[in-house]
Amino acid sequence: MGVAIDYLLLRALFATIILFGVAHGAKPIFVFGDSYVDTGNRNYSEAPWRNPYGITWPGHPSGRFSNGLLLTDFVAKAMKSKSPTPYRFYTKYSRSLRDVVKHGLNFGVGGSGVFQAFDPRNFSVQVDQLKGVLQTIPQQLFPLEHTPVLVSFVGNDYRYYLATNGTLKELPVYITKVVTEVTRNIIRLYGLGLKRFVVGNIEPLGCVPSLTASVSYKRCLTTYDPLVQFHNQLLAQQLNATFTALKGADYFILDQYKAFQSVIANPSPFGIKHRLRPCCTPKPGNIDSCGEVDKNGEPLYEVCSSPETHFFWDGLHPTQAGWTALTSSSFVGGNSPHNKSANLATWLQNEPTS
Ligand SMILES: *[C@@H]1O[C@H](CO)[C@@H](O)[C@H](O)[C@H]1NC(C)=O
Ligand SMILES: *[C@@H]1O[C@H](CO)[C@@H](O)[C@H](O)[C@H]1NC(C)=O
Ligand SMILES: *[C@@H]1O[C@H](CO)[C@@H](O)[C@H](O)[C@H]1NC(C)=O
Ligand SMILES: *[C@@H]1O[C@H](CO)[C@@H](O)[C@H](O)[C@H]1NC(C)=O
């Protein structure tokens, strides 16, 4: 009985709170994806909650796979808003509910893919989590059609596929399945009432330090270029076709491929001196060991002295400086047929034209 009453009170409180939040111009966003967007959904025992993650900001690990801020934080900034609450903390708040949801929620989790990858919380599970939330929050009070969605899955499906028994020969078929699963979930989100989508394509996979370590971080590997190009082309095509049918909806392709290419080709305007060598490197004999210690507590990694001069932080992820550079360049223009000349920051602040 007590539980039931509390629940009703909570709902009423939520309704008031959300109205208040909206009336005062809070700008929520919902985020789906992997470690490039995750701001704290991994468990406390895991790497992004261990040193040296977060050394630049906030000065201790924050659950981000970065030395500081990452994509989600910069997108929130572009909206003149704050980073959304990681879903893991949604029900574990000590702050008021209004404070918890007014900037939206982040369902993205490191290691995930749209299919089975290194974390089981695939895109569809993340969408189910939002669905669950919306069943608790009175929907008519939440400005769903004005709330942008950021979707960024950047290759864990392929890393997992190749790390298990996937063959290169069957890869094109798998790529088609992956892209179709991305659009299928975007359609599900549209079905929940969401209308504004920022969709990231995938970065040049062969440039990540865990792969370029084999060539002493001297150049990007080209092995994966056809995969990446096919994925990105297909994604652009499917989005174009899909959104033609989604009434009142719009999208913006966050061209991470172009952004990575352009920053890696010309990093100096951003104060970046090391394009491919990450700041946090494995000690000899280790692979991807940033955040790992041996049984005596000795780090299995080394941290550079100036993270702000490195584009990459660890084996897979950009530094805060890297994300600053990436977002300043990819924010310059979108390439969806709907908004060729728009800049993401402007697009995010504009109302949809339905
Ligand atoms: C993270 O914690 C949750 C809840 O404690 C647990 O169910 C889950 O298995 C953990 N995940 C991993 C990857 O350890
Ligand atoms: C996502 O994970 C859920 C739960 O494990 C599973 O039921 C579902 O089939 C998965 N979806 C895809 C597309 O793999
Ligand atoms: C590996 O191959 C087998 C047989 O082709 C298949 O049933 C299985 O799903 C594959 N495993 C993975 C992880 O792809
Ligand atoms: C988008 O789709 C339309 C047809 O619906 C087509 O004419 C156009 O060329 C497509 N644009 C791109 C960039 O694929």
Side-chain angles (χ1 to χ4, degrees), residues 30-48 63 65 72 84 86-92 105-136 149-194 197-203 205 224 227-228 230-239 241-243 245-246 249 251 253-254 256 316:
F30 294 126
V31 180
F32 302 88
D34 54 28
S35 56
Y36 277 20
V37 297
D38 184 357
T39 51
N41 283 320
R42 300 289 319 198
N43 287 354
Y44 283 133
S45 60
E46 297 169 326
F65 284 86
T72 303
Y87 174 67
R88 194 151 69 89
F89 302 129
Y90 168 60
T91 51
K92 301 193 180 81
L105 289 168
N106 184 355
F107 301 91
V109 57
S112 64
V114 303
F115 290 113
Q116 172 68 45
F118 307 99
D119 186 283
R121 288 165 279 183
N122 60 35
F123 193 2
S124 158
V125 168
Q126 295 179 25
V127 173
D128 289 343
Q129 289 172 339
L130 172 65
K131 213 170 149 184
V133 168
L134 295 179
Q135 279 160 2
T136 336
V149 174
L150 169 63
V151 177
S152 178
F153 287 90
V154 297
N156 286 328
D157 290 289
Y158 305 126
R159 292 184 187 99
Y160 184 83
Y161 175 89
L162 295 169
T164 52
N165 56 6
T167 64
L168 279 175
K169 192 164 159 272
E170 284 167 58
L171 196 52
V173 175
Y174 190 58
I175 294 171
T176 308
K177 285 186 184 161
V178 167
V179 171
T180 305
E181 181 62 11
V182 171
T183 44
R184 189 183 73 86
N185 279 290
I186 287 174
I187 295 167
R188 288 183 68 207
L189 289 166
Y190 176 81
L192 296 176
L194 292 155
F197 297 85
V198 178
V199 186
N201 63 8
I202 60 178
E203 79 285 10
L205 297 181
Y224 304 98
L227 181 174
V228 172
F230 185 45
H231 173 101
N232 288 345
Q233 234 168 40
L234 203 60
L235 181 69
Q237 278 169 13
Q238 281 205 16
L239 290 176
T242 303
F243 275 83
L246 300 184
Y251 71 104
I253 295 183
L254 186 64
Q256 302 190 103
L316 280 180

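One-based numbering, in listed order, for ligands and for the atoms of each.
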**Asked** Is the shortest side-chain N to carboxylate O distance from Arg42 to Asp119 below 4.0 Å?
**Response** yes
**Asked** How about Phe153 and Tyr36: are their ring centres within less than 6.0 Å of each other?
**Response**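 Ring centres of Tyr36 and Phe153 not closer than 6.0 Å.
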**Message:** Ring-plane angle category for Tyr161 and Tyr174, please: parallel below 30°, perpendicular beyond 60°, tilted otherwise.
**Reply:**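 The rings of Tyr161 and Tyr174 lie parallel, inter-plane angle below 30°.
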**Asked** Can any side-chain N or O of Asn106 pair as donor or acceptor with the backbone N or O of Val37 at less than 3.5 Å?
**Response** yes
**Prompt:** If only atom types and distance count, is the side chain of Glu181 paired as donor or acceptor with the main-chain N or O of Phe115 below 3.5 Å?
**Reply:**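 No, Glu181 side chain to Phe115 backbone: no donor-acceptor pair under 3.5 Å.
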**Prompt:** For ligand 2, what are the residues with a heavy-atom contact below 4.0 Å?
**Reply:** Val114, Phe115, Asn122, Val125, Glu181
**Asked** Counting only heavy atoms not in Ile187, do more than 12 sit closer than 6.0 Å to its CD1 atom?
**Response**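 Correct, the count exceeds 12.
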